[in-house]
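Proteins get letters first, then strands, A, B, ... in listed order; numbering begins at 1 in each.
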Amino acid sequence: MTTSTSLMYLIALPLAGAAILLLAGRRSDKWGHLLATALSASSFGVGLYQLSQMLSRPTEERAVTQKLFSWINVGTFNIDAGLLLDQLSICFVLLITGVGTLIHIYSISYMSHDQNRRRFFAYLNLFIAAMLLLVLGDSYLNLYVGWEGVGLASYLLIGFWNQKPAYATASKKAFVMNRVGDMGLSFAIMIAFATLGSVSFSGVEEASHTASQAALTAIGIMLLVAAAGKSAQFPLQAWLGDAMAGPTPVSALIHAATMVTAGVYLIVRSNFIFDAAPTAQLLVVIVGAITLTFGALVGTAKDDIKKALAASTMSQIGYMILAAGLGPAGYAFAIMHLLTHGFFKAGMFLGAGSVMHGMNDQVDMRRYGALRKFMPITFATFGLGYLAIIGVPPFAGFYSKDAIIETAFNAGGIKGILLGSTALLGAAITAFYMTRVMILTFTSHERWEKDQHPHESPWLMWLPMAILAIGSVSTGYLFTRGHALVNWLSPVFGEHEEHEELFVQPIVVSALALTAVVIGVGIALAKYQFSEVDAEAPQNVSIFTRIARKDLLQDSFNESVFMRPGQALTRLLVSTDDKVIDGTVRLVGTTAIGTGSALRKTQTGFARSYAALILIGAVALIAGIWVVTQ
Amino acid sequence: MSAYNYLYVSGLLFTIGAVGVVVRRNAIVVFMCVELMLNAANLTLVTFSRINGTLDGQIVAFFTMVVAACEVVVGLAIIVTIYRSRRSASIDDASLLKR
Amino acid sequence: MLEIQTPEAIMFWVLAPVAVLAALGMLLVKKAVHSALLLAWVMITLAIFYIAQDALFLGIVQIVVYTGAVMMLFLFILMLVGVDASDSLTETISGLRPIAITAAVGFGGLFVSLIGRATIGHKPYGLEIANSNGNVQGLAKELFSTYVWPFEVVSALLITAALGAMVLAHHQRTVARPTQREQSIARFRTGSLAGAAGLPNPGVYARHNAVDVPALLPDGTPAPNSISATLKARGDMLESQSFELSEVDNTVTEEK
């Protein structure tokens, strides 16, 4: 395996940025954002350099490692803090640093009125560093460090405006729910170490060939729990909507393009485990299918533009998880959808931020309308992202989503038909709610207050949006041209074998998908474009709409199933602790005090009486000896 | 007469010392009684050294003497300190343990 | 094999009862000084016993260290501290004395009875072989070979004890020592002027100028504060009257 000494700079540069900005404090207010952006960009430069190096080597020597230091060295358990850059990691590295840098640039302008802008950039850099560590770690343990790091950065950034109690609560909610997933990852690592004797990717892969089915299934399920937590998948999806409390660039970077896709990365990276554990793999597919429907349904009912996009993110990641659960045929498509989604969803989030910027931070889409006249660039970039996400050819989403639907149909048997239909249904609903977002925001008629003055954002904001829009348009074609991405990633997943007999031909799938999209768009047009929309959300709606507005009752469910019994248990434990355990302890204390005050009366304080007691003791001792030796 | 007779003397002296520690109140006299007990023990050691025909008993008695000397030095210094602050050498007056 | 010769037996039977009696006397006499002297006698007796039992070195050390150094220290401290005359021998803690005496009688009885019953498993050897090169040489050989480590530790203990005694006996002044001028001013400012000129010296006008004879005041009565409080407490004060002449020759012979 090739080694390199420059991998660490990928992480070190943004990490140094975070350290400098946090340590320098207000002194760096003037130049902190520029430094952070420059460091993020230079990390992107290092990534490009690594890519060029990688391309210059033959396929089988493209993976690069770097050992940083010996981390844990206990007996036979040796973990090095090491980095691994292979064909899979480089995709993520370029996505993270590239989109990350664009969002840094966007944030310079977006956050310009915030007096804590420097702290914001420090957290962004911290996030970039942690996310890079996550995708570059060469073992599950190193990955775990990055995993927790991005969790921390996410927590800090969701609660960036923590002066509002609701936002602080949202950050806590995200942190706590992520913790459930983190437990899954730590359990997976423990099981891997206990049964496979290794926690490095290469070691686990090697050991997985001979490991028991049960152990691999357990590891797989625990990894799935971890992925569900980080990627907001069912049943740990509830935090993502509230995470929109963070500044919009954060939503774009962390909660759309990069961090939430860490779960997909984890599953794809652990392909050798899931390939050997069909039960876990089936669960992955089920989770993906449920979430993509779930997210799509929630998306139809949201009036908050960011929450609608968040629901869409959840749904799109559901697609990726679904693809990742389909085995070797799907891994590459999962990654492809992840990358294209990273472009178009980040672009749309930035667009949403741009709209909010022009509308005094109004987020209710029912208060928008006809904004295309005022924000032509935002409309154009958002529109390109919209076309990409609903899967209109030749935009990026068309290629990646169609590939997933096709793979799902070709999974074989009833399973294939079910999964494929779900994916198709999801595509239709996606088309419906995204069209709804477009109509409510940019077309239809004005519903905003008269004192609003919608305006286009400055060039620092629309330039990143434009670049991302270009990505939304072009990446799908670039990745699929001559199976570019599939071939690129094949050394990581093993050879991608084509299905012997295709259940459904690609052209049929495309036709079906387009039909679904047309139906979705059509309904949305009929419902919103060609009929009046109220500025207030109508209240006399069906029970289904109400449930969908309440995120399909996810919070009520969590509260009644986990929170309230948990609180009751806590109260019970507290009272048990107070009455039983503390009572016992206090009883010991009371007994000691009572005995002490009784014995105290024998203490005169005169040294001679103590000496007399010693003498009596000596007499007793010698009498004992006298009796024993008789 | 046998060498054991020295042991009886030693036992008597030790007992007398022990009674003295309990009944006398002057701290210095109490101290002297402690010294008497140590000396009684030394006599036992020397006698057994003779009975056993080895010098180990005498060595231990030697160490006892050294330790006793140290103890006297520190003990008397304590008595002086107490006397200085309380103007009394009676050990009954120093009953702070009670309070 | 140990043969106890007659001279040693005589020595023992003479000295042992005296030593026990002296030890008992220690408990019974009122004055701490007398206790100290009796204890010194017991220690000398023990030294003789040591020498009689072929422990020449220990015997000498006993005299030098105990009767010499330790007892000197006791007497010295007695001088410093134990000036308050004789101790009262009445017991202040009720019931302590009978308990102590009963316990002691029990202890002594059991102890003696145990010694009488004990067997050592062999006849006494005596120290002829062990002392063949001389007692001091034998002890030295043991001390600097087998017992060298305890020996060094004990030396550390001695140093520690010396330091400890210094620390304990050290008296830290909390206020500056008053100068002679300040003392003089204080004498005039406080109390009556009677003390301003200082206390009278002992023996003034008393026909005897020893420190334990009080001075006489102008009216012929003794001045008690002319005597050191220590002597007074100890009861060592003499009456000045005892030195008065019974007849004073008042006749004046004119010299021609």
Side-chain angles (χ1 to χ4, degrees), chain B residues 1-9 11-20 22-26 28-29 31-33 35-36 39 42-43 46-47 49-56 58-59 61-63 65-74 76-81 83-84 88-89 92, chain C residues 2 4 9 12 16 19-20 23-24 26-27 32 35-36 39 42-43 46 49-50 53-55 58 61 65 69-70 73-74 77-78 80-82 87 91-92 96-97 100-101 104 107-108 111-112 115 120 124-127 129-130 138-139 142-143 147 150 154 157-158 161-162 164-165 168-169:
Chain B
M1 187 201 133
S2 88
Y4 292 112
N5 291 5
Y6 287 106
L7 297 178
Y8 294 117
V9 178
L12 288 176
L13 290 179
F14 189 88
T15 313
I16 292 167
V19 176
V22 179
V23 300
R24 289 304 294 253
R25 254 173 315 181
N26 187 328
I28 299 172
V29 180
F31 231 103
M32 288 194 278
C33 290
E35 291 301 312
L36 182 62
N39 270 293
N42 273 355
L43 180 59
V46 170
T47 308
S49 162
R50 188 189 192 192
I51 292 172
N52 286 335
T54 61
L55 288 175
D56 297 283
Q58 294 188 18
I59 300 273
F62 171 75
F63 284 132
M65 282 182 189
V66 178
V67 174
C70 298
E71 177 230 339
V72 165
V73 167
V74 176
L76 288 178
I78 290 171
I79 289 173
V80 169
T81 314
Y83 182 79
R84 202 185 267 153
S88 161
D92 283 0
Chain C
L2 182 64
I4 292 190
F12 178 81
V20 173
L24 274 176
M26 248 183 85
L27 303 191
S35 285
L39 180 61
V42 176
M43 286 174 170
L46 289 182
F49 284 178
Y50 293 169
Q53 299 207 70
D54 294 335
L58 277 186
V61 168
V65 171
V70 172
L73 207 52
F74 269 116
I77 300 300
L78 271 176
L80 268 176
V81 171
D87 298 334
E91 183 54 68
T92 46
L96 185 65
R97 184 167 292 170
I101 291 172
F107 185 83
F111 197 79
V112 168
I115 295 173
I120 201 153
Y125 292 131
L127 283 168
I129 303 166
L139 280 180
E142 289 276 314
L143 210 49
Y147 293 95
V154 158
L157 180 69
L158 267 175
L168 281 170

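Options C:V112, C:V65, C:V61, C:I129 differ in how many heavy-atom pairs under 4.5 Å they form with chain B, and the most are formed by C:V112. If you tally non-hydrogen atom pairs under 4.5 Å between each of B:I79, B:V66, B:I59 and chain C, the highest count goes to B:I59. Chosen from C:L39, C:L96, C:D54, the residue pairing most often with chain B at heavy-atom distances under 4.5 Å is C:L39. Interface check for chain C: of the options B:T15, B:N42, B:I51, the most heavy-atom pairs under 4.5 Å are formed by B:I51. For chain C, the option among B:A18, B:A61, B:A69, B:S49 with the highest count of heavy-atom pairs below 4.5 Å is B:S49. Most heavy-atom pairs under 4.5 Å with chain C: of the set B:E71, B:R50, B:M32, B:M65, this distinction falls to B:R50. Looking only at heavy-atom pairs under 4.5 Å with chain B, the residue among C:G138, C:A162, C:A23 that has the most is C:A23. For the options C:A16, C:A55, C:G164, heavy-atom pairs under 4.5 Å to chain B are most numerous at C:A55. Considering only heavy-atom pairs separated by less than 4.5 Å from chain C, the leading option among B:N39, B:N5, B:V80 is B:N39. Note: B:N52 leads B:I78, B:T54, B:N52, B:L36 in heavy-atom pairs under 4.5 Å with chain C.
The structure places CG of C:L78 at 4.0 Å from CD1 of B:I28, a figure rounded to the nearest 0.5 Å. Distance check, rounded to the nearest 0.5 Å: OH of B:Y83 to CD1 of C:I77 gives 11.5 Å. A distance of 9.5 Å separates CG in C:L73 from CZ in B:F31, rounded to the nearest 0.5 Å. Summarising the geometry, atom CG belonging to C:L46 is positioned 10.5 Å from atom OH belonging to B:Y6; distances are rounded to the nearest 0.5 Å.
Looking at B:T81, its side chain does come within 3.5 Å of a backbone N or O of C:L168 through a donor-acceptor pair.
In this structure, C:F107 has its ring center closer than 6.0 angstrom to the ring center of B:F14. Here the two rings, on B:F62 and C:Y147, have centers that are 6.0 Å apart or farther.
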Exercise. After noting the C-alpha distance and the side-chain angles of B:F63 and C:L157, does the key distance pass the side chain to side chain contact (heavy atoms under 4.5 Å, CB included) rule?
Worked result: CA-CA 11 Å; B:F63 284 132; C:L157 180 69; over 6 Å; no
Exercise. Between C:M26 and B:R24, does a side chain to side chain contact (heavy atoms under 4.5 Å, CB included) hold up when you go through it step by step?
Worked result: CA-CA 10 Å; C:M26 248 183 85; B:R24 289 304 294 253; over 6 Å; no
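Nearest approach of B:L13 to C:A19, heavy atoms of both residues: CD2-O, 4.1 Å. A pairwise comparison of heavy atoms in C:L139 and B:L55 identifies N-CD1, 3.7 Å as the closest pair. Here the closest heavy-atom approach between residue C:S35 and residue B:V29 is recorded as OG-CG1, 4.2 Å. Between B:G53 and C:A130, the closest heavy-atom pair is O-CB, 3.7 Å. Between C:A32 and B:N26, the shortest heavy-atom contact is CB-ND2, 3.8 Å.
No side-chain heavy atom of C:E142 sits less than 4.5 Å from a side-chain heavy atom of B:Q58. Counting only heavy atoms from C-beta outward, the side chains of C:F49 and B:T47 never approach each other to under 4.5 Å. Residues B:L43 and C:Q53 form a side-chain contact, since some pair of their non-hydrogen atoms from C-beta on lies under 4.5 Å apart.
Looking at C:A69, there are no atoms closer than 4.5 Å to chain B (heavy atoms on both sides), in backbone or side chain. Using a 4.5 Å cut-off between heavy atoms, C:F74 contacts chain B through both its backbone and its side chain. For B:S2, the part lying under 4.5 angstrom from a heavy atom of chain C is the backbone only. Using a 4.5 Å cut-off between heavy atoms, C:L27 contacts chain B through both its backbone and its side chain.
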